[in-house]
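See below for the structure under consideration.
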Amino acid sequence: MKRGKKAEEATAEGDGEANSESTNKKAKKSKEPEAPILYEDPPDKTTSKDGLDANMKITSWNVDGLRAWVKKNGLDWVREEDPDVLCLQETKCAEKDLPADITSMPEYPHKYWCVSDDKEGYSGVAMLCKTEPTKVTYGIGKEEHDKEGRVITAEFPTFYLVTAYVPNAGRGLVRLDYRKTWDADFRAYLSELDMQKPLVLCGDLNVAHREIDLKNPKGNKKSAGFTPEEREGFGQLLEAGFVDSFRELYPEQANAYTFWTYMMNSRSKNVGWRLDYFVLSSSLVPALCDSKIRNKAMGSDHCPITLHLVV
C-alpha cells in the first residue's frame with residue numbers, strides 16, 4: 001500500500017514546546033524528539049499449544065516491484081529464512097520479464113505467477129513452493145477482480161493456501177466502493193473454500209484492523225486502509241470463521257507494523273501500519289505455532305511475515 005499522508009506525517013514525532021525553567025516565562029525550548037518505539041520480533045515458537053512440532057513454514061512479502069526487490073538482494077533473505085512456501089505480492093512484473101535469479105531458484109521447483117491482464121507493471125502475486133500443490137488456481141472466479149492479478153490459491157492435502165494483494169481504496173478513497181465489493185466477494189470465496197478444508201490466507205490485505213495496528217489512528221480515520229468500511233470488512237471476515245493469527249498470539253502487542261511509507265523517515269521512526277496478515281480458518285488455531293513480523297528485513301516498503309504451522 002502506498003501512502004504519503006499529511007496526517008501521518010504531521011504526527012510522526014512530537015514537536016511541542018515546554019516552558020523553560022528560566023524565570024523569563026517567554027523563554028521556551030523545544031522538546032527533544034521522542035525516541036521511536038520499535039518492535040522486537042521475539043524468538044520463533046515452533047510448537048503448538050498442544051506440543052506438536054511445526055512442519056510448515058510460510059513467508060509472505062509485498063515486494064513493491066519484484067525486479068527492484070531482487071536487485072536489493074531480497075532473495076538472500078529468503079534463502080536465509082528458508083520457508084516451505086514463499087508468497088509475494090505487488091510483483092509488478094509480467095511473466096516474460098521475470099528475473100532469472102528467481103525463475104531459476106532450485107529451492108523452489110514449483111513456481112506460480114499471476115499478473116494484471118489490463119495494466120503492465122501493476123499489482124501481481126506469486127507463490128513459490130518446495131512441494132508441489134495438489135492444484136493451483138488463479139483469481140476468485142469473478143472477472144472484474146481477476147483481471148487485476150491479485151489471488152493465487154494452492155490446494156495441499158490438508159489445507160488451502162491463498163495469497164492475495166487486496167485492492168487499495170486509493171487516494172481520495174476513489175476505489176472505496178470497489179473495495180467494499182471486493183471484500184464481500186472475497187469473503188464469499190474464502191468461506192466456500194473453508195467448507196471444503198481449512199485455509200491459510202496471507203498477503204497485503206491493505207487494512208489496519210484496529211487502532212493498535214497503526215501508529216497514528218486519530219489522524220487516519222479517513223485514509224485508505226483505515227476507513228470504517230475497510231475495517232468493518234475485515235471484521236466481517238473474522239466473524240465468518242477466520243482468525244488473525246498475529247492477534248491470536250499477541251492480542252495487545254503495540255508498535256508491530258509491516259508497512260512504512262518511504263516519506264519522513266517513517267521506518268526509522270517506526271511510524272507504520274500492520275497491513276500484512278496470516279488469517280487462518282478457526283479450525284487451524286490449534287495448529288498455530290507462531291506468526292512473525294520480520295521488520296528488520298529490508299528491500300521494500302513492507303517487511304516479510306512468517307507463519308509456523310502444524311499441518
Side-chain angles (χ1 to χ4, degrees), residues 38-61 77-88 107-110 127-136 152-164 190-205 209-210 212-213 234-235 237-258 274-297 303-311:
L38 304 178
Y39 172 67
E40 292 291 334
D41 193 31
D44 292 20
K45 291 181 278 190
T46 56
T47 55
S48 69
K49 288 182 179 179
D50 296 335
L52 300 175
D53 291 332
N55 58 0
M56 176 60 72
K57 184 178 184 181
I58 305 167
T59 291
S60 175
W61 198 348
W77 184 90
V78 170
R79 289 189 170 99
E80 185 175 341
E81 183 77 351
D82 194 30
D84 298 300
V85 183
L86 173 66
C87 297
L88 305 176
E107 300 95 327
Y108 299 98
H110 311 287
M127 188 182 293
L128 287 72
C129 308
K130 290 185 176 181
T131 302
E132 187 175 11
T134 307
K135 181 181 179 182
V136 175
I152 298 175
T153 301
E155 181 179 355
F156 292 95
T158 59
F159 73 107
Y160 288 105
L161 174 60
V162 182
T163 188
L190 296 173
S191 295
E192 188 174 328
L193 288 180
D194 188 46
M195 288 190 288
Q196 301 170 50
K197 63 176 70 171
L199 68 85
V200 174
L201 163 65
C202 69
D204 177 359
L205 305 190
H209 182 218
R210 296 166 49 199
I212 197 174
D213 293 319
F234 189 81
L237 178 62
L238 300 185
E239 290 168 7
F242 299 97
V243 174
D244 174 353
S245 65
F246 184 80
R247 286 291 168 223
E248 176 70 18
L249 297 173
Y250 308 100
E252 300 305 326
Q253 176 63 58
N255 306 300
Y257 310 126
T258 66
R274 189 171 72 95
L275 301 177
D276 303 83
Y277 295 77
F278 283 105
V279 172
L280 315 178
S281 295
S282 56
S283 60
L284 281 179
V285 170
L288 174 61
C289 299
D290 212 349
S291 189
K292 314 302 297 174
I293 294 178
R294 307 299 201 197
N295 59 350
K296 290 184 171 60
C303 73
I305 58 174
T306 290
L307 182 76
H308 291 288
L309 196 67
V310 182
V311 296

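One is the number of the first residue; the rest follow in order along the sequence. Scope of the values below: all heavy atoms of this structure, side chains included, with no hydrogens, waters or symmetry mates.
Residues Leu128 and Val78 are not in side-chain contact: their nearest non-hydrogen atoms beyond the backbone lie 4.5 Å or more apart. Looking at heavy atoms from C-beta onward, Glu155 lies out of side-chain contact with Pro133 at the 4.5 angstrom threshold. Val243 is listed as a side-chain neighbour of Ser282, based on a closest heavy-atom distance under 4.5 Å. The shortest side-chain heavy-atom distance between His110 and Met127 does not fall under the 4.5 Å cut-off. By the 4.5 Å heavy-atom criterion applied to side chains, Cys129 and Val85 are counted as neighbours. Side-chain atoms of Leu309 and Phe278, non-hydrogen and from C-beta on, never get closer than 4.5 Å to each other. Proximity of Pro198 to Leu280: side-chain heavy atoms (C-beta onward) are nowhere separated by under 4.5 Å.
Within 6.0 Å of the CD atom in Glu107, the count of heavy atoms belonging to other residues, nucleotides or ligands exceeds 12. Glu80 CD: 12 or fewer foreign heavy atoms inside a 6.0 Å radius.
Listed by first and then second residue, the salt bridge (Lys or Arg N to Asp or Glu O under 4.0 Å) pairs involving residues 279-290 are Asp290-Lys292 (not counting sequence neighbours).
For Pro286 against Ser48, the heavy-atom pair with the smallest separation is O-CB, 3.4 Å. Across all non-hydrogen atoms, the minimal contact from Ala254 to Tyr39 is O-CD1, 4.4 Å. Among all heavy-atom pairs drawn from Ala256 and Gln253, the shortest one is CB-CG, 4.1 Å. Of all the heavy atoms in Ala164 and Leu201, the pair that sits closest is CB-CD1, 4.0 Å. In this structure, Trp77 and Ala297 approach most closely via the heavy-atom pair NE1-CB, 3.5 Å.
Atom CG of Leu190 is separated from atom OG of Ser281 by 8.5 Å, given to the nearest 0.5 angstrom. Here Leu205 contributes atom CG and Leu275 contributes atom CG; the two are 8.5 Å apart, rounded to the nearest 0.5 Å. Expressed to the nearest 0.5 Å, how far CD1 of Ile293 lies from CD1 of Ile305 amounts to 7.5 Å. One finds the OG atom of Ser191 at 4.5 Å from the CZ atom of Phe242 (value rounded to the nearest 0.5 Å). Note that CG of Leu307 is 8.5 Å distant from SG of Cys202, once rounded to the nearest 0.5 Å. We find the CZ-CD distance between Arg210 and Glu252 to be 5.0 Å, quoted to the nearest 0.5 Å.
For the pair Asp84 (side chain) and Lys57 (backbone), a donor-acceptor distance under 3.5 Å is present. For Asp194 (side chain) and Gly241 (main-chain N/O), no donor-acceptor pair under 3.5 Å exists by modelled atom type. In this structure, the side chain of Lys197 engages the main chain of Pro157 through a donor-acceptor pair within 3.5 Å. Counting only distance, with no hydrogens or angles, the side chain of Thr306 and the backbone of Thr59 share no donor-acceptor pair below 3.5 Å.
Between the side chains of His308 and Asp44, at least one donor-acceptor pair of N or O atoms lies under 3.5 Å.
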For Lys130 and Asp82, what are the C-alpha separation, side-chain angles and deciding distance, and is it a salt bridge (Lys or Arg N to Asp or Glu O under 4.0 Å)?
CA-CA 10 Å; Lys130 290 185 176 181; Asp82 194 30; 2.6 Å; yes
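Among Asn255, Asp213, Thr258, the single residue meeting the side chain to side chain donor-acceptor pair (under 3.5 Å) criterion with Arg274 is Asp213. For the pairing with Leu199, the side-chain contact (heavy atoms from CB on, under 4.5 Å) check across Phe156, Tyr160, Phe159 returns one residue only, Tyr160.
Using a 30° and 60° split on the angle between ring planes, Tyr250 and Phe246 fall in the tilted class, from 30° to 60°.
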